[in-house]
Amino acid sequence: MSSEYARTERTTPSRLPERATYEQNAIHAVLDEALLCHVAYVADGLPRMIPTLHVRQGHDLYLHGSTGSTLMLAAREAAVPACVSVTLVDGIVMAKSWFNHSMNYRSVIVHGEAVLVTDADEKHAAMAALMEQIARGRAEGSRYSNKREFAATAILRVPLAQSSLKQRSGQAKDDEEDLGLPHWSGVIPITTTFGEPIGVDEIELPDYLQNYARGSLD
Ligand SMILES: Cc1cc2nc3c(=O)[nH]c(=O)nc-3n(C[C@H](O)[C@H](O)[C@H](O)COP(=O)(O)OP(=O)(O)OC[C@H]3O[C@@H](n4cnc5c(N)ncnc54)[C@H](O)[C@@H]3O)c2cc1C
């Protein structure tokens with residue numbers, strides 16, 4: 001078993017806390033597999049949430065945005081308290097009762113201060129890693145950002161120190177008294193599949209995009 005992130009009051013679910021884990025490898029695997037995240041923060045005293053691209057590097061999460069976005073403008077002033085979530089759904093769980101319906105899932109929630117990355121080398125490395133998060137091999141397989149594009153891109157760094165993974169797997173759990181009911185119960189598995197790549201021009205599909213799949217960056 002790998003090391004764990006700290007289990008704190010803030011990162012412990014009040015409901016079904018036994019489904020939560022703080023194991024670093026397991027949290028990294030979910031962050032690496034997910035294509036996108038949702039970032040929640042407070043603007044003008046009210047909660048906001050935006051979907052965006054992310055990449056994990058070690059024990060940090062990097063978030064991508066336009067320099068003109070509200071979140072990135074706020075981060076220019078000071079670190080932004082943020083909550084980032086990523087969810088992978090693995091199955092629809094149908095029970096005999098309404099109440100016992102559920103989902104099989106792996107979800108990660110990260111609490112932390114989102115800090116604007118100002119060091120050019122760190123920013124470039126994070127942007128290259130973001131390309132690799134999209135597809136392994138893509139950083140070298142496409143043109144680097146030019147000066148204008150680099151300046152128009154903002155990258156935030158959020159430490160993973162306060163993160164949790166909650167997950168459910170397995171069958172529907174019916175109440176004892178429901179077992180004789182005539183209703184179907186069970187799981188409809190969900191698997192993510194990627195279609196045939198559709199090129200813009202005649203350039204041959206590179207090897208690294210054959211059989212596209214997602215997995216860990218490690
Ligand atoms: C696809 C999906 C469907 C769900 N459907 C339902 C539903 O219909 N009803 C329902 O009650 N719950 C549902 N959940 C679970 C839900 O996300 C919460 O875990 C649950 O509501 C318990 O909330 P809480 O009050 O214990 O969490 P809180 O006490 O508000 O959470 C405290 C902290 O615990 C950690 N935490 C809590 N939940 C999660 C999580 N899911 N993943 C990672 N860390 C977490 C976070 O650090 C969070 O800040 C679903 C989850 C997923 C992914």
Side-chain angles (χ1 to χ4, degrees), residues 1-43 45-63 71 74 79-115 133 156-175 178 183-194 214-218:
M1 190 161 127
S2 70
S3 307
E4 295 193 342
Y5 292 117
R7 179 189 294 252
T8 65
E9 200 179 327
R10 195 179 186 198
T11 61
T12 304
S14 52
R15 279 201 65 247
L16 304 174
E18 66 279 7
R19 286 187 184 168
T21 172
Y22 302 85
E23 203 197 324
Q24 293 176 358
N25 284 351
I27 287 173
H28 294 176
V30 172
L31 292 171
D32 292 353
E33 185 175 335
L35 258 176
L36 60 92
C37 68
H38 288 82
V39 189
Y41 63 103
V42 175
L46 290 171
R48 285 197 189 183
M49 186 181 288
I50 49 158
T52 192
L53 296 177
H54 69 278
V55 66
R56 178 193 64 85
Q57 293 284 274
H59 297 288
D60 288 314
L61 197 62
Y62 288 94
L63 309 175
L71 174 60
V80 179
C83 181
V84 186
S85 95
V86 151
T87 302
L88 303 171
V89 283
D90 297 321
I92 306 168
V93 180
M94 302 205 191
K96 291 181 186 291
S97 66
W98 291 3
F99 188 80
N100 287 324
H101 279 64
S102 189
M103 301 284 276
N104 283 339
Y105 64 86
R106 293 162 284 151
S107 65
V108 167
I109 294 178
V110 181
H111 297 281
E113 300 265 295
V115 175
Q133 166 80 348
L156 295 180
R157 183 184 58 244
V158 184
L160 292 177
Q162 296 184 79
S163 44
S164 54
L165 162 63
K166 198 173 172 191
Q167 52 197 339
R168 185 200 192 279
S169 59
Q171 256 303 357
K173 294 189 175 83
D174 290 309
D175 293 335
D178 291 341
H183 311 299
W184 186 87
S185 67
V187 174
I188 298 180
I190 300 172
T191 49
T192 304
T193 55
F194 297 92
R214 304 204 48 79
S216 174
L217 284 172
D218 290 332

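Just so you know, ligand 1 is whichever comes first in the structure, and atom 1 is the first atom listed for that ligand.
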V93 side chain near N104 side chain, heavy-atom distance below 4.5 Å: yes
For a quick test of your reading: what N or O donor-acceptor pairs under 3.5 Å do the side chains of residues 45-55 make, sequence neighbours left out?
| from | atom 1 | to | atom 2 | distance (Å) |
| --- | --- | --- | --- | --- |
| R48 | NH1 | T70 | OG1 | 3.4 |
| T52 | OG1 | H64 | O | 2.5 |
| H54 | NE2 | L31 | O | 2.8 |
| H54 | NE2 | Q133 | NE2 | 3.4 |

Go through the steps for L165 and E23 under the test side chain to side chain contact (heavy atoms under 4.5 Å, CB included), then give the verdict. CA-CA 8 Å; L165 162 63; E23 203 197 324; over 6 Å; no
Strictly under 4.0 angstrom, heavy-atom based: which residues surround ligand 1? R10, T11, T12, P13, S14, R15, T87, V89, M103, Y105, S107, I109, H111, S164, K166
Per side chain to side chain contact (heavy atoms under 4.5 Å, CB included), V108 is matched among L61, T87, I27, L88 by I27
What residues form a ring-ring contact (aromatic ring centres under 6.0 Å, His included) with H38, not counting sequence neighbours? none
For F194, what residues pass the ring-ring contact (aromatic ring centres under 6.0 Å, His included) criterion, not counting sequence neighbours? Y212
